[in-house]
Amino acid sequence: MSFPLLTATAALPAIGAIATAAVPAAQRVAAKWLALLVSLATLVLAAIVLVRFDPGGDRYQLTESHAWIKDFGVRYELGVDGIGVALVALTALLIPFVILAGWHDADPQETGNRRWRPTQGFFALILAVEAMVIISFEATDVFLFYIFFEAMLIPMYFLIGGFGDRAHEHGDDAAATQRSYAAVKFLLYNLVGGLIMLAAVIGLYVVAGNFSLQEIVQARANGSLHMATSTERWLFLGFFFAFAVKAPLWPLHTWLPNAMGEATAPVAVLITAVVDKVGTFAMLRYCLQLFPEASKWATPVILVLALISIIYGALLAVGQRDIKRLVAYASISHFGFIILGIFAMTSQGQSGATLYMVNHGISTAALMLVAGFLISRRGSRLIADYGGVQKVAPVLAGTFLIGGLATLSLPGLAPFVSEFLVLVGAFERYPAVGIVATFGIVLAALYTLVLYQRTMTGPVKAEVAEMPDLRVRELLVVAPLIALLIFLGVYPKPVTDIVNPAVQQTMSDVHKTDPKPEVEAAK
(Lines give C-alpha, C1' and ligand atoms only; values in the text may rest on other atoms or scores of the structure.)
Protein backbone atom coordinates (compact mmCIF):
# COMPACT_ATOMS: atom_id res chain seq x y z
CA MET A 1 0.00 0.00 0.00
CA SER A 2 1.35 3.41 -0.96
CA PHE A 3 1.84 6.04 1.71
CA PRO A 4 -1.52 7.72 2.51
CA LEU A 5 -0.31 11.24 1.79
CA LEU A 6 -3.71 12.94 1.92
CA THR A 7 -4.57 11.31 5.23
CA ALA A 8 -1.20 12.35 6.65
CA THR A 9 -1.74 15.96 5.52
CA ALA A 10 -5.01 16.15 7.49
CA ALA A 11 -3.96 13.90 10.38
CA LEU A 12 -0.76 15.74 11.26
CA PRO A 13 -2.46 18.99 12.40
CA ALA A 14 -5.11 16.90 14.20
CA ILE A 15 -2.43 15.04 16.14
CA GLY A 16 -0.59 18.32 16.66
CA ALA A 17 -3.75 19.85 18.13
CA ILE A 18 -4.00 17.06 20.70
CA ALA A 19 -0.31 17.31 21.55
CA THR A 20 -0.46 21.11 21.88
CA ALA A 21 -3.48 20.93 24.16
CA ALA A 22 -1.64 18.40 26.34
CA VAL A 23 1.39 20.65 26.95
CA PRO A 24 1.56 21.59 30.66
CA ALA A 25 0.05 24.97 31.52
CA ALA A 26 3.41 26.38 32.62
CA GLN A 27 4.97 25.61 29.22
CA ARG A 28 2.88 27.93 27.05
CA VAL A 29 5.90 29.04 24.97
CA ALA A 30 6.63 25.39 24.18
CA ALA A 31 2.99 25.00 23.08
CA LYS A 32 3.39 27.91 20.66
CA TRP A 33 6.53 26.46 19.12
CA LEU A 34 4.99 23.01 18.88
CA ALA A 35 1.95 24.40 17.05
CA LEU A 36 4.18 26.39 14.68
CA LEU A 37 6.40 23.39 13.92
CA VAL A 38 3.35 21.19 13.26
CA SER A 39 1.90 23.79 10.90
CA LEU A 40 5.22 24.02 9.02
CA ALA A 41 5.42 20.22 8.75
CA THR A 42 1.85 20.22 7.39
CA LEU A 43 2.92 22.83 4.85
CA VAL A 44 5.73 20.51 3.74
CA LEU A 45 3.25 17.65 3.25
CA ALA A 46 0.89 19.94 1.34
CA ALA A 47 3.82 20.99 -0.88
CA ILE A 48 4.55 17.30 -1.59
CA VAL A 49 0.87 16.80 -2.52
CA LEU A 50 1.10 19.80 -4.84
CA VAL A 51 4.31 18.52 -6.49
CA ARG A 52 2.95 14.99 -6.95
CA PHE A 53 -0.30 16.23 -8.45
CA ASP A 54 -0.31 15.94 -12.25
CA PRO A 55 -2.65 18.49 -13.87
CA GLY A 56 -2.79 16.36 -17.01
CA GLY A 57 -3.52 13.13 -15.15
CA ASP A 58 -6.68 11.63 -13.66
CA ARG A 59 -9.32 13.93 -12.30
CA TYR A 60 -8.87 12.75 -8.70
CA GLN A 61 -5.37 11.80 -7.67
CA LEU A 62 -3.57 10.43 -4.60
CA THR A 63 -6.85 8.66 -3.87
CA GLU A 64 -7.56 6.57 -0.79
CA SER A 65 -10.63 4.40 -0.26
CA HIS A 66 -11.49 2.22 2.73
CA ALA A 67 -14.73 0.73 4.01
CA TRP A 68 -16.09 2.65 6.97
CA ILE A 69 -19.80 2.12 7.70
CA LYS A 70 -20.66 -0.72 5.33
CA ASP A 71 -24.35 -0.96 6.20
CA PHE A 72 -24.94 2.60 4.97
CA GLY A 73 -22.46 2.66 2.11
CA VAL A 74 -20.20 5.16 3.83
CA ARG A 75 -16.55 4.99 2.84
CA TYR A 76 -13.42 6.82 3.85
CA GLU A 77 -12.61 8.20 0.41
CA LEU A 78 -10.11 10.93 -0.31
CA GLY A 79 -8.83 12.45 -3.53
CA VAL A 80 -7.82 15.86 -4.85
CA ASP A 81 -8.51 17.51 -8.17
CA GLY A 82 -6.85 20.74 -9.31
CA ILE A 83 -9.25 22.89 -7.33
CA GLY A 84 -8.92 20.87 -4.15
CA VAL A 85 -5.13 20.68 -4.25
CA ALA A 86 -4.86 24.47 -4.70
CA LEU A 87 -7.03 25.09 -1.64
CA VAL A 88 -5.21 22.49 0.46
CA ALA A 89 -1.99 24.32 -0.37
CA LEU A 90 -3.58 27.69 0.49
CA THR A 91 -4.78 26.41 3.87
CA ALA A 92 -1.44 24.88 4.79
CA LEU A 93 0.33 28.06 3.68
CA LEU A 94 -1.77 30.46 5.75
CA ILE A 95 -1.84 28.58 9.08
CA PRO A 96 1.82 29.23 10.02
CA PHE A 97 1.24 32.95 9.42
CA VAL A 98 -1.93 32.83 11.51
CA ILE A 99 -0.01 31.20 14.36
CA LEU A 100 2.91 33.65 14.14
CA ALA A 101 0.57 36.65 13.97
CA GLY A 102 -1.35 35.41 17.02
CA TRP A 103 1.80 34.60 19.01
CA HIS A 104 0.72 36.77 21.97
CA ASP A 105 -3.06 36.84 21.39
CA ALA A 106 -3.70 34.06 23.90
CA ASP A 107 -1.18 35.01 26.57
CA PRO A 108 -2.72 34.79 30.05
CA GLN A 109 -4.35 37.97 31.26
CA GLU A 110 -5.80 38.84 34.61
CA THR A 111 -9.41 39.99 34.35
CA GLY A 112 -10.93 40.70 37.76
CA ASN A 113 -10.64 37.55 39.83
CA ARG A 114 -10.32 35.18 36.90
CA ARG A 115 -7.49 34.14 34.63
CA TRP A 116 -8.40 33.56 31.00
CA ARG A 117 -7.01 32.85 27.52
CA PRO A 118 -5.36 29.42 27.94
CA THR A 119 -2.54 29.59 25.39
CA GLN A 120 -2.42 25.89 24.63
CA GLY A 121 -6.13 25.79 23.82
CA PHE A 122 -5.89 28.69 21.38
CA PHE A 123 -3.20 27.11 19.22
CA ALA A 124 -4.68 23.63 19.51
CA LEU A 125 -8.00 24.93 18.18
CA ILE A 126 -6.27 26.58 15.21
CA LEU A 127 -4.60 23.27 14.30
CA ALA A 128 -7.93 21.44 14.72
CA VAL A 129 -9.59 23.82 12.27
CA GLU A 130 -6.74 23.29 9.81
CA ALA A 131 -7.15 19.51 9.96
CA MET A 132 -10.91 19.68 9.38
CA VAL A 133 -10.65 22.15 6.52
CA ILE A 134 -7.97 20.13 4.74
CA ILE A 135 -9.95 16.88 4.93
CA SER A 136 -13.03 18.75 3.67
CA PHE A 137 -11.07 19.70 0.54
CA GLU A 138 -9.88 16.10 0.16
CA ALA A 139 -13.07 14.12 0.86
CA THR A 140 -14.82 12.46 -2.09
CA ASP A 141 -17.44 10.74 0.05
CA VAL A 142 -20.40 13.06 0.63
CA PHE A 143 -21.06 11.83 4.17
CA LEU A 144 -17.39 12.12 5.14
CA PHE A 145 -17.35 15.68 3.80
CA TYR A 146 -20.51 16.53 5.74
CA ILE A 147 -19.04 15.36 9.05
CA PHE A 148 -16.03 17.65 8.85
CA PHE A 149 -18.01 20.47 7.22
CA GLU A 150 -20.03 20.57 10.44
CA ALA A 151 -17.30 19.57 12.91
CA MET A 152 -15.16 22.61 12.11
CA LEU A 153 -17.87 24.81 13.64
CA ILE A 154 -16.97 23.66 17.16
CA PRO A 155 -13.35 24.85 17.33
CA MET A 156 -14.32 28.02 15.46
CA TYR A 157 -17.06 28.70 18.01
CA PHE A 158 -14.52 28.58 20.86
CA LEU A 159 -11.96 30.64 18.96
CA ILE A 160 -14.51 33.42 18.42
CA GLY A 161 -16.24 33.28 21.79
CA GLY A 162 -13.31 32.41 24.03
CA PHE A 163 -10.46 34.34 22.45
CA GLY A 164 -11.99 37.62 21.35
CA ASP A 165 -10.32 40.86 20.36
CA ARG A 166 -8.82 42.80 23.27
CA ALA A 167 -9.16 46.10 21.38
CA HIS A 168 -12.79 46.74 22.32
CA GLU A 169 -14.31 50.09 23.13
CA HIS A 170 -16.53 48.59 25.84
CA GLY A 171 -15.64 47.21 29.23
CA ASP A 172 -14.71 43.59 29.87
CA ASP A 173 -18.27 42.45 30.55
CA ALA A 174 -19.64 44.19 27.47
CA ALA A 175 -16.82 42.77 25.35
CA ALA A 176 -17.53 39.26 26.64
CA THR A 177 -21.21 39.69 25.79
CA GLN A 178 -20.37 40.84 22.25
CA ARG A 179 -18.02 37.89 21.75
CA SER A 180 -20.62 35.44 22.98
CA TYR A 181 -23.25 36.95 20.71
CA ALA A 182 -20.94 36.75 17.68
CA ALA A 183 -19.94 33.14 18.45
CA VAL A 184 -23.52 31.96 18.99
CA LYS A 185 -24.72 33.73 15.84
CA PHE A 186 -21.93 32.09 13.84
CA LEU A 187 -22.79 28.68 15.25
CA LEU A 188 -26.56 28.94 14.82
CA TYR A 189 -26.44 30.19 11.23
CA ASN A 190 -24.06 27.45 10.18
CA LEU A 191 -25.84 24.74 12.18
CA VAL A 192 -29.16 25.56 10.53
CA GLY A 193 -27.48 25.37 7.13
CA GLY A 194 -25.85 22.09 8.11
CA LEU A 195 -29.10 20.53 9.31
CA ILE A 196 -30.81 21.39 6.03
CA MET A 197 -27.85 19.90 4.20
CA LEU A 198 -28.11 16.73 6.32
CA ALA A 199 -31.67 16.22 5.08
CA ALA A 200 -30.39 16.62 1.52
CA VAL A 201 -27.51 14.18 2.16
CA ILE A 202 -29.99 11.57 3.41
CA GLY A 203 -32.20 12.23 0.37
CA LEU A 204 -29.21 11.76 -1.93
CA TYR A 205 -28.49 8.39 -0.32
CA VAL A 206 -32.10 7.30 -0.78
CA VAL A 207 -31.89 8.17 -4.48
CA ALA A 208 -28.34 7.01 -5.24
CA GLY A 209 -27.83 4.19 -2.72
CA ASN A 210 -24.34 5.37 -1.71
CA PHE A 211 -22.36 8.50 -0.79
CA SER A 212 -19.45 8.21 -3.24
CA LEU A 213 -19.15 11.42 -5.24
CA GLN A 214 -17.31 9.73 -8.10
CA GLU A 215 -19.74 6.83 -8.34
CA ILE A 216 -22.81 9.08 -8.29
CA VAL A 217 -21.39 11.43 -10.94
CA GLN A 218 -20.40 8.48 -13.12
CA ALA A 219 -23.81 6.84 -12.72
CA ARG A 220 -25.54 10.07 -13.74
CA ALA A 221 -23.23 10.44 -16.73
CA ASN A 222 -23.83 6.93 -18.10
CA GLY A 223 -27.57 7.04 -17.46
CA SER A 224 -27.72 4.31 -14.81
CA LEU A 225 -28.94 6.79 -12.18
CA HIS A 226 -32.02 8.84 -12.97
CA MET A 227 -33.17 11.64 -10.70
CA ALA A 228 -36.56 13.30 -11.04
CA THR A 229 -36.38 17.00 -11.81
CA SER A 230 -38.18 18.06 -8.63
CA THR A 231 -36.02 15.72 -6.52
CA GLU A 232 -32.81 17.06 -7.99
CA ARG A 233 -33.88 20.65 -7.39
CA TRP A 234 -34.81 20.06 -3.75
CA LEU A 235 -31.55 18.23 -3.08
CA PHE A 236 -29.59 21.00 -4.79
CA LEU A 237 -31.29 23.64 -2.64
CA GLY A 238 -30.44 21.69 0.53
CA PHE A 239 -26.76 21.56 -0.36
CA PHE A 240 -26.58 25.09 -1.75
CA PHE A 241 -28.24 26.67 1.30
CA ALA A 242 -25.56 25.28 3.62
CA PHE A 243 -22.76 26.38 1.30
CA ALA A 244 -24.29 29.85 0.85
CA VAL A 245 -24.31 30.33 4.64
CA LYS A 246 -20.68 29.30 4.86
CA ALA A 247 -19.61 31.35 1.82
CA PRO A 248 -21.33 33.78 2.92
CA LEU A 249 -23.88 34.91 0.32
CA TRP A 250 -26.45 37.66 0.84
CA PRO A 251 -28.86 37.48 2.70
CA LEU A 252 -27.23 34.71 4.77
CA HIS A 253 -24.12 36.80 5.47
CA THR A 254 -24.98 38.67 8.66
CA TRP A 255 -22.97 36.42 10.98
CA LEU A 256 -19.66 37.31 9.29
CA PRO A 257 -19.20 40.99 10.36
CA ASN A 258 -19.98 40.08 13.97
CA ALA A 259 -17.62 37.10 13.97
CA MET A 260 -14.72 38.91 12.31
CA GLY A 261 -15.23 42.04 14.39
CA GLU A 262 -15.12 40.22 17.73
CA ALA A 263 -12.42 37.67 16.87
CA THR A 264 -8.71 38.36 17.02
CA ALA A 265 -7.18 39.34 13.67
CA PRO A 266 -5.59 35.87 13.10
CA VAL A 267 -8.90 34.14 13.86
CA ALA A 268 -10.66 36.59 11.52
CA VAL A 269 -8.23 35.47 8.82
CA LEU A 270 -8.99 31.86 9.69
CA ILE A 271 -12.71 32.56 9.19
CA THR A 272 -12.70 34.40 5.88
CA ALA A 273 -9.50 33.18 4.20
CA VAL A 274 -9.76 29.50 5.16
CA VAL A 275 -13.09 28.28 6.58
CA ASP A 276 -15.39 30.25 4.27
CA LYS A 277 -13.59 28.85 1.22
CA VAL A 278 -15.10 25.46 2.02
CA GLY A 279 -18.50 26.89 1.04
CA THR A 280 -17.49 28.14 -2.41
CA PHE A 281 -15.33 25.06 -3.04
CA ALA A 282 -18.30 22.82 -2.22
CA MET A 283 -20.49 24.67 -4.73
CA LEU A 284 -18.07 23.63 -7.45
CA ARG A 285 -17.50 20.08 -6.23
CA TYR A 286 -20.97 19.06 -5.02
CA CYS A 287 -23.67 21.38 -6.37
CA LEU A 288 -22.44 21.43 -9.96
CA GLN A 289 -21.26 17.82 -10.17
CA LEU A 290 -24.13 16.11 -8.34
CA PHE A 291 -26.97 18.31 -9.57
CA PRO A 292 -26.00 19.76 -12.97
CA GLU A 293 -29.53 20.43 -14.26
CA ALA A 294 -30.69 21.98 -10.98
CA SER A 295 -27.54 24.16 -10.96
CA LYS A 296 -28.47 25.56 -14.36
CA TRP A 297 -32.09 25.99 -13.24
CA ALA A 298 -31.04 28.03 -10.18
CA THR A 299 -28.37 30.08 -11.95
CA PRO A 300 -30.44 33.24 -12.65
CA VAL A 301 -31.44 33.64 -8.99
CA ILE A 302 -27.94 32.87 -7.73
CA LEU A 303 -26.42 35.44 -10.10
CA VAL A 304 -28.81 38.09 -8.74
CA LEU A 305 -27.86 37.18 -5.15
CA ALA A 306 -24.17 37.33 -6.09
CA LEU A 307 -24.63 40.78 -7.60
CA ILE A 308 -26.41 41.98 -4.47
CA SER A 309 -23.53 40.62 -2.36
CA ILE A 310 -20.99 42.45 -4.51
CA ILE A 311 -22.70 45.84 -4.38
CA TYR A 312 -24.25 45.57 -0.90
CA GLY A 313 -21.03 44.40 0.75
CA ALA A 314 -19.00 47.14 -0.91
CA LEU A 315 -21.51 49.88 -0.01
CA LEU A 316 -21.56 48.84 3.65
CA ALA A 317 -17.76 48.68 3.67
CA VAL A 318 -17.67 52.32 2.53
CA GLY A 319 -19.71 53.41 5.55
CA GLN A 320 -17.87 51.43 8.25
CA ARG A 321 -16.20 53.08 11.25
CA ASP A 322 -14.60 49.81 12.43
CA ILE A 323 -11.51 48.59 10.54
CA LYS A 324 -12.23 44.88 10.97
CA ARG A 325 -15.90 45.15 10.05
CA LEU A 326 -14.86 47.05 6.93
CA VAL A 327 -12.67 44.11 5.89
CA ALA A 328 -15.57 41.75 6.70
CA TYR A 329 -18.01 43.59 4.42
CA ALA A 330 -15.33 43.80 1.72
CA SER A 331 -15.03 40.00 1.96
CA ILE A 332 -18.78 39.62 1.45
CA SER A 333 -18.37 41.61 -1.77
CA HIS A 334 -15.44 39.43 -2.84
CA PHE A 335 -17.34 36.22 -2.18
CA GLY A 336 -20.06 37.61 -4.42
CA PHE A 337 -17.47 37.75 -7.23
CA ILE A 338 -16.40 34.15 -6.52
CA ILE A 339 -19.99 32.85 -6.66
CA LEU A 340 -20.64 34.95 -9.78
CA GLY A 341 -17.69 33.27 -11.47
CA ILE A 342 -18.84 29.78 -10.45
CA PHE A 343 -22.38 30.18 -11.78
CA ALA A 344 -21.47 32.15 -14.90
CA MET A 345 -20.92 28.63 -16.28
CA THR A 346 -17.90 29.61 -18.38
CA SER A 347 -14.37 28.29 -18.14
CA GLN A 348 -12.98 31.79 -17.61
CA GLY A 349 -15.49 32.49 -14.85
CA GLN A 350 -14.85 29.24 -12.97
CA SER A 351 -11.07 29.47 -13.39
CA GLY A 352 -11.26 33.04 -12.14
CA ALA A 353 -13.44 32.00 -9.20
CA THR A 354 -10.98 29.29 -8.16
CA LEU A 355 -8.03 31.63 -8.57
CA TYR A 356 -10.02 34.25 -6.63
CA MET A 357 -10.37 31.85 -3.70
CA VAL A 358 -6.58 31.52 -3.53
CA ASN A 359 -5.82 35.19 -4.12
CA HIS A 360 -8.52 36.44 -1.76
CA GLY A 361 -7.10 34.20 0.96
CA ILE A 362 -3.64 35.72 0.56
CA SER A 363 -4.77 39.36 0.16
CA THR A 364 -7.26 39.27 3.04
CA ALA A 365 -4.67 37.61 5.27
CA ALA A 366 -2.15 40.34 4.45
CA LEU A 367 -4.59 43.22 5.03
CA MET A 368 -6.25 41.81 8.15
CA LEU A 369 -3.03 40.76 9.85
CA VAL A 370 -1.42 44.17 9.29
CA ALA A 371 -4.65 45.75 10.54
CA GLY A 372 -4.37 43.51 13.61
CA PHE A 373 -0.83 44.72 14.28
CA LEU A 374 -2.06 48.30 13.94
CA ILE A 375 -5.03 47.73 16.29
CA SER A 376 -2.87 46.00 18.92
CA ARG A 377 -0.62 49.08 19.09
CA ARG A 378 -3.39 51.65 19.46
CA GLY A 379 -5.92 49.49 21.31
CA SER A 380 -8.83 50.57 19.11
CA ARG A 381 -10.60 49.27 16.01
CA LEU A 382 -12.18 52.64 15.19
CA ILE A 383 -10.87 54.36 12.06
CA ALA A 384 -11.36 57.79 13.64
CA ASP A 385 -8.78 56.99 16.33
CA TYR A 386 -5.95 56.94 13.80
CA GLY A 387 -4.17 59.47 11.61
CA GLY A 388 -0.67 60.11 10.34
CA VAL A 389 0.56 56.56 11.00
CA GLN A 390 2.70 56.53 7.86
CA LYS A 391 4.94 59.23 9.37
CA VAL A 392 5.74 57.22 12.51
CA ALA A 393 5.50 53.63 11.17
CA PRO A 394 6.25 53.75 7.43
CA VAL A 395 6.76 49.98 6.96
CA LEU A 396 3.46 49.20 8.67
CA ALA A 397 1.72 51.83 6.54
CA GLY A 398 3.36 50.56 3.35
CA THR A 399 2.34 46.94 3.89
CA PHE A 400 -1.15 48.11 4.85
CA LEU A 401 -1.33 50.00 1.56
CA ILE A 402 -0.24 47.00 -0.51
CA GLY A 403 -2.79 44.80 1.24
CA GLY A 404 -5.46 47.41 0.55
CA LEU A 405 -4.46 47.80 -3.10
CA ALA A 406 -4.70 44.02 -3.48
CA THR A 407 -8.19 44.17 -2.01
CA LEU A 408 -9.27 46.66 -4.69
CA SER A 409 -7.67 44.41 -7.34
CA LEU A 410 -4.96 46.76 -8.55
CA PRO A 411 -3.30 45.50 -11.77
CA GLY A 412 0.00 43.85 -10.91
CA LEU A 413 -1.33 42.28 -7.71
CA ALA A 414 -2.81 38.79 -7.55
CA PRO A 415 -6.57 39.52 -7.11
CA PHE A 416 -6.66 41.57 -10.33
CA VAL A 417 -6.15 38.52 -12.55
CA SER A 418 -8.88 36.50 -10.84
CA GLU A 419 -11.38 39.37 -10.75
CA PHE A 420 -10.70 40.11 -14.43
CA LEU A 421 -11.33 36.47 -15.36
CA VAL A 422 -14.57 36.41 -13.37
CA LEU A 423 -15.85 39.54 -15.09
CA VAL A 424 -14.84 38.31 -18.54
CA GLY A 425 -16.49 34.95 -17.88
CA ALA A 426 -19.68 36.60 -16.63
CA PHE A 427 -19.79 39.08 -19.53
CA GLU A 428 -19.44 36.29 -22.10
CA ARG A 429 -22.75 34.69 -21.11
CA TYR A 430 -24.53 37.44 -19.14
CA PRO A 431 -23.32 40.87 -20.32
CA ALA A 432 -25.69 42.84 -18.07
CA VAL A 433 -24.49 40.92 -15.01
CA GLY A 434 -20.87 41.61 -15.90
CA ILE A 435 -21.53 45.33 -16.30
CA VAL A 436 -23.30 45.67 -12.93
CA ALA A 437 -20.60 43.64 -11.16
CA THR A 438 -17.96 46.07 -12.44
CA PHE A 439 -19.35 48.74 -10.11
CA GLY A 440 -18.04 46.63 -7.24
CA ILE A 441 -14.51 47.49 -8.37
CA VAL A 442 -15.25 51.21 -8.17
CA LEU A 443 -16.67 50.87 -4.66
CA ALA A 444 -13.68 48.75 -3.61
CA ALA A 445 -11.36 51.56 -4.64
CA LEU A 446 -13.46 53.98 -2.60
CA TYR A 447 -13.53 52.07 0.71
CA THR A 448 -9.88 51.00 0.47
CA LEU A 449 -8.44 54.42 -0.31
CA VAL A 450 -10.68 56.18 2.23
CA LEU A 451 -9.54 53.68 4.89
CA TYR A 452 -5.87 54.32 4.08
CA GLN A 453 -6.31 58.07 3.93
CA ARG A 454 -8.07 58.31 7.28
CA THR A 455 -5.72 56.02 9.17
CA MET A 456 -2.30 56.56 7.60
CA THR A 457 -2.20 60.12 6.23
CA GLY A 458 -2.84 63.58 7.65
CA PRO A 459 -1.61 65.05 10.94
CA VAL A 460 -0.12 62.63 13.44
CA LYS A 461 -2.55 62.07 16.30
CA ALA A 462 -1.07 62.19 19.77
CA GLU A 463 -2.16 58.62 20.51
CA VAL A 464 -0.12 57.22 17.61
CA ALA A 465 2.90 59.52 17.87
CA GLU A 466 4.99 56.84 19.65
CA MET A 467 3.66 53.89 17.66
CA PRO A 468 6.47 51.41 16.85
CA ASP A 469 6.94 50.06 13.34
CA LEU A 470 6.64 46.39 12.43
CA ARG A 471 8.84 44.07 14.46
CA VAL A 472 10.81 41.12 13.09
CA ARG A 473 8.10 38.54 13.87
CA GLU A 474 5.49 40.72 12.22
CA LEU A 475 7.67 41.22 9.14
CA LEU A 476 8.07 37.45 8.89
CA VAL A 477 4.28 37.25 8.71
CA VAL A 478 3.65 40.06 6.24
CA ALA A 479 6.62 39.96 3.85
CA PRO A 480 5.96 36.49 2.33
CA LEU A 481 2.27 37.34 1.79
CA ILE A 482 3.17 40.60 0.03
CA ALA A 483 5.72 38.74 -2.10
CA LEU A 484 3.08 36.17 -3.10
CA LEU A 485 0.60 38.90 -4.02
CA ILE A 486 3.14 40.45 -6.36
CA PHE A 487 4.37 37.14 -7.81
CA LEU A 488 0.88 35.77 -8.58
CA GLY A 489 -0.17 39.17 -9.88
CA VAL A 490 2.63 39.12 -12.44
CA TYR A 491 2.71 35.35 -13.10
CA PRO A 492 -0.49 33.46 -12.17
CA LYS A 493 0.29 30.57 -14.54
CA PRO A 494 1.40 28.09 -11.82
CA VAL A 495 -2.08 28.21 -10.27
CA THR A 496 -4.11 28.41 -13.48
CA ASP A 497 -2.26 25.41 -14.94
CA ILE A 498 -3.37 23.35 -11.95
CA VAL A 499 -7.02 24.46 -11.78
CA ASN A 500 -7.93 24.75 -15.48
CA PRO A 501 -8.24 20.98 -16.21
CA ALA A 502 -10.54 20.55 -13.18
CA VAL A 503 -12.63 23.52 -14.34
CA GLN A 504 -13.01 21.98 -17.82
CA GLN A 505 -14.16 18.72 -16.26
CA THR A 506 -16.71 20.58 -14.11
CA MET A 507 -17.99 22.39 -17.20
CA SER A 508 -18.39 18.98 -18.86
CA ASP A 509 -20.37 17.74 -15.83
CA VAL A 510 -22.95 20.50 -16.28
CA HIS A 511 -22.93 20.06 -20.07
CA LYS A 512 -21.82 23.63 -20.70
CA THR A 513 -19.40 25.03 -23.25
CA ASP A 514 -18.08 28.55 -23.57
CA PRO A 515 -20.13 30.85 -25.80
CA LYS A 516 -18.55 31.39 -29.19
CA PRO A 517 -17.60 35.02 -29.80
CA GLU A 518 -19.64 36.69 -32.48
CA VAL A 519 -16.91 38.13 -34.67
CA GLU A 520 -17.60 39.20 -38.22
CA ALA A 521 -15.39 37.32 -40.62
CA ALA A 522 -12.59 39.41 -42.07
CA LYS A 523 -13.06 40.30 -45.73
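It should be emphasised that the depicted structure is a prediction, and the values quoted were computed from it without experimental measurement.
The two residues Gly372 and Ala265 have their closest heavy-atom pair at CA-CB, 3.6 Å. Residue Thr354 comes nearest to Leu284 through the heavy atom pair OG1-CD1, 3.7 Å, listed as atom of the first residue, atom of the second, then distance. Taking each heavy atom of Ala366 and Ile482 in turn, the nearest pair found is CB-CD1, 4.4 Å.
For Tyr447, the ring-ring contact (aromatic ring centres under 6.0 Å, His included) criterion is met by no residue, not counting sequence neighbours.
For the 3.5 Å distance criterion, the side chains of Glu419 and Tyr356 qualify, holding a donor opposite an acceptor. Side-chain atoms of Glu77 and Thr63 include no donor-acceptor pair closer than 3.5 Å.
A cation-pi arrangement is present between Lys246 and Phe149, with the terminal nitrogen or guanidinium carbon under 6.0 Å from the aromatic centre and inside a 45° cone about the axis.
Ring pair His360/Phe337: centre-to-centre distance not below 6.0 Å. Aromatic ring centres of Tyr286 and Phe145: separated by under 6.0 Å. Taking the six-membered ring for Trp, Tyr157 and Phe186 have ring centres at least 6.0 Å apart.
Comment: Glu262 engages Arg381 in a salt bridge, judged by a side-chain N to carboxylate O separation of less than 4.0 angstrom.
For residues 477-502, the set of pairs meeting the salt bridge (charged side-chain N to carboxylate O under 4.0 Å, His left out) definition, not counting sequence neighbours, comprises Lys493-Asp497.
Applying side chain to side chain donor-acceptor pair (under 3.5 Å) to Tyr76 and the options Thr140, Thr7, Asp141 leaves one that passes, Thr7.
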